[in-house]
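Model, not experiment: these values are computed from the prediction.
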There are 4 protein chains.
Amino acid sequence: MNKSRPKYMQIIDAAVIAIAENGYHQAQVSKIAKQAGVADGTIYLYFKNKEDILISLFKEKMGSYIEEIDKLIAGKQTSTEKLLMMIEAHFDLLSKDHHLAIVTQLELRQSNKDLRMKINEILKGYLKVIDKILIEGKEKGEFSSNLDVRLARQMVFGTIDETVTSWVMNEEKYDLKALAPPVHQLLINGFGGR
Amino acid sequence: MNKSRPKYMQIIDAAVIAIAENGYHQAQVSKIAKQAGVADGTIYLYFKNKEDILISLFKEKMGSYIEEIDKLIAGKQTSTEKLLMMIEAHFDLLSKDHHLAIVTQLELRQSNKDLRMKINEILKGYLKVIDKILIEGKEKGEFSSNLDVRLARQMVFGTIDETVTSWVMNEEKYDLKALAPPVHQLLINGFGGR
Amino acid sequence: MNKSRPKYMQIIDAAVIAIAENGYHQAQVSKIAKQAGVADGTIYLYFKNKEDILISLFKEKMGSYIEEIDKLIAGKQTSTEKLLMMIEAHFDLLSKDHHLAIVTQLELRQSNKDLRMKINEILKGYLKVIDKILIEGKEKGEFSSNLDVRLARQMVFGTIDETVTSWVMNEEKYDLKALAPPVHQLLINGFGGR
Amino acid sequence: MNKSRPKYMQIIDAAVIAIAENGYHQAQVSKIAKQAGVADGTIYLYFKNKEDILISLFKEKMGSYIEEIDKLIAGKQTSTEKLLMMIEAHFDLLSKDHHLAIVTQLELRQSNKDLRMKINEILKGYLKVIDKILIEGKEKGEFSSNLDVRLARQMVFGTIDETVTSWVMNEEKYDLKALAPPVHQLLINGFGGR
DNA sequence: CATGAATGAGTATTCATTCAT
DNA sequence: CATGAATGAATACTCATTCAT
């Protein structure tokens with residue numbers, strides 16, 4: 001499981017394409033290998049098993065996204081602005097990567113419970129970012145002082161996720177990024193912000 | 001496909017239990033049959049194939065839930081009250097049926113895309129109920145007149161769904177129904193209601 | 001297994017139609033029952049099992065055919081004439097009954113070995129008729145005195161059968177009965193007749 | 001579907017044995033695999049499906065037989081001699097391979113219509129050899145000039161096939177090869193030859 | 001006699017993973 | 001490091017037959 005060598009990312013990128021184009025259940029290891037231009041057996045030099053490819057895929061993509069978010073919101077003053085920046089970054093990421101959008105919103109959801117549990121573990125990093133924004137907003141008085149952070153986080157994540165999934169299911173025919181401001185406004189209203 | 005005879009519901013109820021206890025991929029037809037107390041072949045006198053069991057399961061459970069919701073909210077005056085009633089009914093339904101909660105929130109999501117498309121078709125009835133509440137609320141002046149109904153609906157559904165899923169994933173350790181009022185408040189705030 | 005009642009033949013005739021129209025492996029007992037206008041269970045009041053329907057079918061059809069042949073050739077003087085009459089009767093029977101031709105030449109052949117053994121048993125009655133003609137022909141000096149009756153019988157039966165099967169496989173596009181005289185001539189030549 | 005590697009023929013030979021010893025319907029893929037000494041899945045590296053094994057079996061065996069026949073009859077002068085050579089080769093082939101005789105004469109006949117159609121397609125190569133002999137014989141004046149080649153071919157094939165099938169059904173208790181000359185004589189007589 | 005709902009045994013095929021080269 | 005041929009476990013569905021009514 002050597003992450004330094006180029007084939008590691010090569011296989012992950014191949015997996016995204018193979019899953020997006022064939023669907024989760026039709027993306028056999030041999031198809032991913034072919035897409036990556038390596039032999040089937042080579043996959044197992046870099047990943048423990050098929051599930052490990054998918055978890056690594058999610059980890060790598062989500063990891064770099066969270067890093068990016070962290071940088072972006074560091075430059076913003078208010079929690080309100082930070083939340084908007086986050087939503088915009090989230091919508092932007094998936095708008096720009098068609099394959100990734102299909103894989104994360106539709107295909108990876110039909111993985112088994114075990115895998116989904118592990119994906120949720122990775123998602124916690126993202127949820128922490130949301131929590132941080134919310135807590136800061138409460139402290140600064142931007143958001144209502146009796147805001148239930150857990151519920152608010154579920155609202156933020158649930159709303160964003162549902163918005164993106166609907167967009168993917170509607171074959172991405174409208175501009176997702178344009179929805180960031182109104183979605184943001186709805187959420188801010190909810191938190192008692194202005 | 002005779003819905004009138006008791007075995008139809010008997011098999012559907014058995015499927016809920018078998019899936020909840022064994023997981024989607026481990027709920028073989030023979031396991032469902034055994035749970036229902038019928039022979040494997042009997043399943044096929046009432047359902048076209050395995051997928052048909054799952055679609056019917058969702059249709060029956062969701063259908064009766066939507067009917068119930070319709071009755072409940074008919075007795076409420078304001079859209080705000082109707083939304084609360086809906087959230088409470090939703091949380092109540094799944095709080096009372098442990099197996100059903102697991103099946104709808106976790107297991108059925110890992111079905112293939114075809115099946116999920118059909119499930120989404122059934123879900124549209126539920127989304128229509130939400131839409132009706134939102135439109136009424138806008139007309140009556142309860143909600144902001146420039147509320148985007150589609151986004152608002154996605155927020156309602158996304159928030160409720162995420163709240164329930166989190167609760168199921170946390171092994172239902174806290175009282176889901178108690179969350180209805182705060183969740184409701186967050187949403188109402190979002191819509192510019194009081 | 002009461003042969004006297006009308007339902008016995010009713011089921012046999014239904015079987016011929018069901019097999020001809022659906023093919024041997026697609027002619028389920030329930031399809032035969034439906035075609036006969038009786039319940040599935042009723043079949044088992046008249047036949048021991050599915051195989052029994054098919055054997056009975058062959059026995060009845062072949063039995064009445066052999067009776068008819070016997071009468072027809074009784075009126076003929078020479079063995080040569082008798083053979084011609086037999087070939088004509090054989091071709092005539094199957095020309096007139098499209099369904100029966102398909103069933104005996106194509107569909108029933110894909111039954112299992114057991115059933116085919118039993119069918120062969122029934123066929124022996126037919127082979128005896130051929131043998132009788134051949135022996136008579138030798139005795140009367142019409143055919144060569146050193147004709148091997150077994151081989152000659154296999155030639156007669158093989159030739160007739162192959163001719164009919166080819167005709168059925170070619171979708172019965174040409175006149176089978178017109179082939180009786182030339183086929184007969186080929187065989188008579190073979191036997192050293194004139 | 002790599003025909004060059006030894007496992008291809010290994011599996012075909014195993015199929016002949018498995019079918020001859022267990023019967024067509026009892027020759028499961030796993031039985032064939034076991035007989036061939038490979039895993040079930042290995043079968044599918046060389047054949048598309050079970051039907052493909054059977055078609056390939058017939059194609060390989062019949063193909064090599066037709067090649068052999070072609071060589072053998074090339075050395076013969078008259079059509080009469082060629083026909084005798086062909087019958088002898090046919091009887092010889094099946095006399096020497098007990099399993100193959102059972103498979104082609106009894107077991108493969110109970111395959112479904114689709115498979116039988118494909119087998120018939122392969123058989124056409126054999127029928128062409130017969131036709132060639134008959135046409136040559138007519139041209140050379142060995143056979144009657146008004147011989148109907150199609151009927152004659154059906155007589156040749158029907159007679160040979162029926163003779164072999166009878167021999168197999170009688171448990172091969174007599175010498176099939178000894179029947180070649182008398183069968184040949186019967187046919188030649190039929191064609192007006194000497 | 002007649003019904004038809006219920007039964008349950010039986011099998012081709014896929015695909016993640018291994019390991020000899 | 002890399003290969004790819006070989007492995008073998010695992011499962012939905014059909015249909016001849018029964019038997020309570």
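In this model, the phosphate group of F/dC13 is not approached by any side-chain N or O of B/Q28 to a distance below 4.0 Å at OP1 or OP2. OP1 or OP2 of E/dT11 has at least one side-chain nitrogen or oxygen of D/Q26 nearer than 4.0 Å. Applying the 4.0 Å criterion to OP1 and OP2 of F/dC15, one finds that C/S30 has every side-chain N and O outside that range. Between B/Y44 and E/dA6 there is no side-chain N or O to OP1 or OP2 distance below 4.0 Å. Using a 4.0 Å cut-off, no side-chain N or O of B/K31 falls inside it from OP1 or OP2 of F/dT11. Taking 4.0 angstrom as the limit, A/K7 places a side-chain polar atom (N or O) nearer than this to OP1 or OP2 of F/dA2. At the phosphate of E/dG4, neither OP1 nor OP2 sits under 4.0 Å from any side-chain N or O atom of C/K34.
Nearest-nucleotide positions on DNA chain E place C/T42 closer to the 5' end than the other of C/T42 and D/E51. A residue-by-residue look at D/V38 and B/H25 shows that D/V38 has its nearest nucleotide of DNA chain F further toward the 5' end. Nearer to the 5' terminus of DNA chain F, by closest-nucleotide assignment, is the contact made by D/D40 (compared with the other of D/D40 and B/A27).
Residue D/V29 is classed as a base contact, given a heavy-atom separation below 4.0 Å to a base.
Rounded to a whole Å, the OH atom of D/Y46 is 12 Å from the C1' atom of F/dT7. Atom pair B/I32:CD1 and F/dC13:C1' shows a separation of 13 Å (rounding to whole Å applied). Atom CG in B/L45 sits roughly 11 Å away from atom P in F/dT14 (whole-Å rounding). For the pair C/D52 CG and F/dT17 C1', the interatomic distance rounds to 14 Å; values are reported in whole Å. Atom pair C/K50:NZ and F/dT14:C1' shows a separation of 11 Å (rounding to whole Å applied). Rounded to whole angstrom, the span from the OH atom of C/Y24 across to the P atom of F/dC15 amounts to 13 Å. Atom P of nucleotide F/dA2 and atom CZ of A/F47 are separated by 13 Å, given to the nearest angstrom. In this structure, CG of A/N22 is placed 14 Å from C1' of E/dC15, rounded to the nearest angstrom.
Judged purely by atom type and a 3.5 angstrom limit, D/E107 has no side-chain atom pairing as donor or acceptor with the backbone of D/I102.
If you take CD on D/E21 and NZ on D/K31, they are separated by 10.5 Å, rounding to the nearest 0.5 Å. Atom CD1 of A/I32 sits about 4.5 Å away from atom CD1 of A/I53, to the nearest 0.5 Å.
Using Watson-Crick or G-U wobble geometry with both donor-acceptor distances under 3.5 Å, E/dG10 finds its partner in F/dC13. Across every strand in view, F/dC19 sits in a pair with E/dG4 that passes the Watson-Crick or G-U test at under 3.5 angstrom.
Of the candidates F/dT17, E/dT7, F/dG4, the closest approach to any side-chain atom of A/A39 belongs to F/dG4.
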Under the salt bridge (Lys or Arg N to Asp or Glu O under 4.0 Å) rule, what do A/E121 and A/K124 come out as? Steps first, then yes or no, please. CA-CA 5 Å; A/E121 212 51 46; A/K124 279 189 183 159; 3.3 Å; yes
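Between B/L123 and the options B/M62, B/K118, B/R116, a side chain to side chain contact (heavy atoms under 4.5 Å, CB included) holds for only B/M62.
Aromatic ring orientation, C/Y65 versus C/Y126: tilted (interplanar angle from 30° to 60°).
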